[in-house]
Amino acid sequence: LAFQYYFVPPIHSLSLEPVQIPRVIVFALAAFFVGSLSAKQRSATEALRRSEQRFRDYAEIASDWLWETGPDHSFTRVSEKLTAVGIEPTSRIGARRWDYATDVEEEPEKWRLHRATLDAHQPFRQFRYRTAGADGSAVYLVTSGKPGFDADGRFLGYRGVSSDVTAAVRAEQVEKALHAELAHVTRVTTLGEVTASFAHEVNQPLAAIVNNANACLGLLPSGPDDLDEVRDALGDIVGDAERASAIIQRVRALATRSPSEKVTLGLEDVVRDVVAVVATEAAARRVAIRTEVAPDLPAVSGDRVQLQQVLLNLVVNGMDAMGTVHEQERLLVIRGRQDVQDGSLAATISVQDRGIGLDTAEMGRLFEAFYTTKPHGMGMGLAISRSIIELHGGRLWVEPNQAPGATFSFSLPAAVSTAPNRY
Ligand code: ADP
């Protein structure tokens with residue numbers, strides 16, 4: 001058509017013969033088809049380029065790094081971002097995760113489970129483990145991965161992302177240490193209030209030991225008839241000495257800082273120990289303590305010393321609250337009963353006093369750290385007690401009494417196996 005238009009006279013005119021018309025139409029259609037196809041291809045290539053660029057941008061901006069493993073779970077690719085935590089990415093190629101994790105030995109069960117997940121070609125999320133940075137210091141990583149398969153369903157390996165959570169883990173560790181420190185301080189402070197009575201309590205059996213020993217000395221030179229009396233006196237000596245050392249043991253257990261240790265225990269023993277510890281102090285403050293522990297109180301799983309601390313704190317608070325009420329009214333009742341918490345069996349201990357009671361407006365603040373209405377109070381007792389109970393999976397709460405005073409209660413889930421493991 002162009003040739004005809006430009007070169008065949010008369011030039012600059014187009015005279016189409018009828019036979020050429022279908023040819024021109026076919027040509028125009030073909031040209032249109034080819035043109036639109038290549039435009040489509042161009043836009044598909046552009047979309048692909050843009051999507052790749054977007055992916056690259058995400059990968060670059062994110063602090064996480066990407067990795068790929070082969071069917072044998074060894075790394076085949078690790079992105080450059082890994083250098084940010086002081087690890088050379090190429091050093092990981094060919095290695096499996098557990099080849100360099102430093103907690104494999106300490107937590108074999110966790111790793112066994114992880115390995116089983118990988119062997120089952122299942123996805124995994126937020127798997128946390130410890131490795132070593134370039135300078136050998138601990139680095140905590142969290143990683144998630146997804147298995148990949150080819151068209152025939154053959155496993156190709158995993159693709160995933162990892163991030164460095166060392167700072168968060170360190171903060172968690174510091175918080176835990178601070179909590180333990182604070183718990184220890186409050187325990188010792190509460191203990192300080194009852195220590196004077198201890199000295200007194202310990203002195204009594206010790207004085208008895210001395211008296212009995214003296215009696216033995218006096219009896220020994222006499223004839224063999226007196227031997228029975230000597231035996232009795234010696235029996236008393238043994239009993240008193242054991243009593244004295246048991247008292248000292250209880251104080252030592254409360255005053256020393258030991259790592260939290262959970263065992264299956266009966267709360268009735270915790271009640272008994274705390275009552276023994278405060279008995280003399282209660283007598284000095286003219287407070288009567290009554291305990292009503294139901295025989296079917298389920299055993300719980302907990303740290304004995306921490307639970308003693310909670311109860312000791314509630315009992316001392318109850319005694320404090322009754323400091324100004326009439327002596328005849330100073331009664332503290334510690335109850336233990338079976339209960340249901342979130343649909344499961346639980347053990348509940350409550351401490352009811354007849355003290356000054358609660359200011360309803362301030363009730364929400366009692367459990368806040370440093371909230372105190374006492375001149376020498378620290379205001380940490382209830383805050384620490386609540387966190388201890390919550391760490392045990394339980395609940396600590398307060399209710400005003402119908403009569404004067406308040407009732408503080410805590411409930412703990414029953415231990416999985418009860419009677420046989422009871423301490
Ligand atoms: P502290 O005993 O050092 O003040 P706590 O956290 O143990 O710290 O108690 C906080 C506050 O809760 C107390 O100062 C008191 O006002 C209130 N409180 C605690 N127990 C009782 C109680 N049995 N009766 C009335 N008020 C109480």
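Numbering of ligands and ligand atoms starts at 1, following listing order. Residue indices begin at 1 and follow the sequence shown.
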Exercise for review: Decide side chain to side chain contact (heavy atoms under 4.5 Å, CB included) for Leu307 and Ile389; before the verdict, give the C-alpha distance in whole Å, the side-chain angles of both, and the deciding distance to 0.1 Å.
Suggested key: CA-CA 8 Å; Leu307 295 178; Ile389 294 298; 4.0 Å; yes
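Considering only residues two or more places apart in sequence or on other chains, His114 meets the side-chain hydrogen bond (donor to acceptor under 3.5 Å, both in side chains) condition with Arg97. Glu362 is linked by a side-chain hydrogen bond (donor to acceptor under 3.5 Å, both in side chains) to Tyr371, counting only residues two or more places apart in sequence or in another chain.
The aromatic rings of His73 and Trp98 stand perpendicular to each other, their planes meeting at an angle above 60°, with 30° marking the opposite boundary.
Between Arg272 and Asp269 there is a salt bridge, with a side-chain nitrogen of the basic residue lying less than 4.0 Å from a carboxylate oxygen of the acidic one.
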So what's ligand 1 close to, N/O to N/O, under 3.5 Å?
unit_1	atom_1	unit_2	atom_2	d
ligand 1	2 (O)	Asn317	OD1	3.1
ligand 1	2 (O)	Lys374	NZ	2.7
ligand 1	3 (O)	Met378	N	2.9
ligand 1	3 (O)	Gly379	N	2.8
ligand 1	4 (O)	Thr372	OG1	2.6
ligand 1	6 (O)	Gly381	N	3.3
ligand 1	6 (O)	Leu382	N	2.8
ligand 1	7 (O)	Asn317	OD1	3.4
ligand 1	7 (O)	Asn317	ND2	2.9
ligand 1	7 (O)	Leu382	N	3.4
ligand 1	8 (O)	Gly379	N	3.4
ligand 1	14 (O)	Thr372	OG1	3.3
ligand 1	14 (O)	Thr373	N	2.8
ligand 1	14 (O)	Thr373	OG1	3.3
ligand 1	16 (O)	Thr373	OG1	2.4
ligand 1	23 (N)	Asp353	OD2	2.7

Let me have the donor-acceptor pairs involving side chains of residues 322-329, under 3.5 Å, with sequence neighbours excluded, atom names and distances please.
unit_1	atom_1	unit_2	atom_2	d
His326	ND1	Gln328	N	3.3
His326	ND1	Gln328	OE1	3.4

